[in-house]
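Reviewing the structure listed below.
Just so it is clear, the structure is predicted and the values come from calculations on it, not from any experiment.
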Amino acid sequence: MKWNEIIKNNKLLPDLINVILGIAVIVLFVLVILMPSNYVIMASLMIVAGIMNLSNGFRKARVNSQKGIGMFFGIVGFVLIAFGLYYLRIAFA
């Protein structure tokens with residue numbers, strides 16, 4: 001069985017995307033700790049974390065008993081992306 005079939009049959013694409021985004025968040029967090037004055041890295045960390053929250057919120061919102069927590073994750077993700085874009089504007093000012 002090929003990887004594409006396994007991912008498609010088990011509906012693992014959102015989980016695979018979350019794993020990749022999680023690894024990116026960890027790497028960016030370590031870079032922020034090492035270089036705290038770099039606003040571009042901070043902005044990218046916030047944007048990636050916001051996208052991760054949005055994807056988790058979308059997945060939770062599809063389940064009937066978890067629509068409220070899904071909406072909450074979506075709102076928090078949107079706020080994180082907005083702050084990330086604000087930090088990005090500060091970085092290039």
Side-chain angles (χ1 to χ4, degrees):
M1 198 176 252
K2 294 185 179 181
W3 286 103
N4 292 339
E5 293 176 16
I6 294 171
I7 291 171
K8 193 175 196 180
N9 292 340
N10 294 324
K11 299 179 182 175
L12 294 176
L13 187 62
D15 293 326
L16 187 63
I17 292 171
N18 252 353
V19 167
I20 293 169
L21 289 175
I23 291 170
V25 165
I26 291 170
V27 168
L28 288 170
F29 182 72
V30 169
L31 289 174
V32 166
I33 295 298
L34 293 175
M35 297 177 278
S37 62
N38 193 341
Y39 286 117
V40 175
I41 296 175
M42 175 67 86
S44 59
L45 172 65
M46 289 180 145
I47 291 171
V48 170
I51 292 170
M52 191 172 175
N53 256 349
L54 281 176
S55 80
N56 283 331
F58 178 70
R59 191 166 25 144
K60 294 248 184 224
R62 291 189 309 200
V63 179
N64 282 336
S65 62
Q66 296 180 343
K67 284 195 185 292
I69 194 74
M71 286 186 207
F72 179 73
F73 278 1
I75 291 170
V76 169
F78 181 74
V79 169
L80 276 172
I81 291 172
F83 277 128
L85 292 174
Y86 177 72
Y87 267 90
L88 199 61
R89 187 182 69 98
I90 290 174
F92 291 124

In short, Ala24 meets Val48 closest at the heavy-atom pair CB-CG1, 4.1 Å
If you apply the rule side chain to side chain contact (heavy atoms under 4.5 Å, CB included), what do you find for Leu45 with Val25, and how did you get there? CA-CA 6 Å; Leu45 172 65; Val25 165; 3.9 Å; yes
To the nearest 0.5 Å, tell me how far Asn53 CG sits from Ile75 CD1. 11.5 Å
Look up atom CG in Asn18 and atom CD1 in Ile23, then write down how far apart they are to the nearest 0.5 Å. 11.0 Å
Shared hydrophobic cluster for Val79 and Met71 (ILVMFWY, side-chain gaps under 4.5 Å): no
Just how far is it from atom CG of Asp15 to atom CD1 of Ile20, taken to the nearest 0.5 Å? 11.0 Å
ILVMFWY network linking Val76 to Ile69, side-chain heavy atoms under 4.5 angstrom: yes
Please tell me whether Val32 and Met52 are part of a single hydrophobic cluster in this structure, the criterion being side-chain heavy atoms less than 4.5 Å apart. yes
Checking Ala43 now: which residues fulfil side-chain contact (heavy atoms from CB on, under 4.5 Å) with it, not counting sequence neighbours? Tyr87, Leu88
If every non-hydrogen atom of Leu28 is compared with every non-hydrogen atom of Ser44, which pair is closest and at what distance? CD2-OG, 3.6 Å
Interatomic spacing from CG in Leu31 to CD1 in Ile26 - rounded to 0.5 Å: 12.0 Å
Connected via hydrophobic side-chain network under 4.5 Å: Phe78 and Phe83: no
Residues two or more places apart in sequence or in another chain: which of them pass side-chain contact (heavy atoms from CB on, under 4.5 Å) with Arg62? Phe58, Arg59
Determine the minimum heavy-atom distance between Ala91 and Val40, stating which atoms define it. CB-CG2, 3.7 Å
Met46 reachable from Ile51 in the ILVMFWY side-chain graph, under 4.5 Å edges: yes
Within this structure, what is the CD1-CD1 distance for the pair Ile33 and Ile41, rounded to the nearest 0.5 Å? 11.5 Å
Contacts of Phe73 that satisfy ring-ring contact (aromatic ring centres under 6.0 Å, His included) - sequence neighbours left out: none
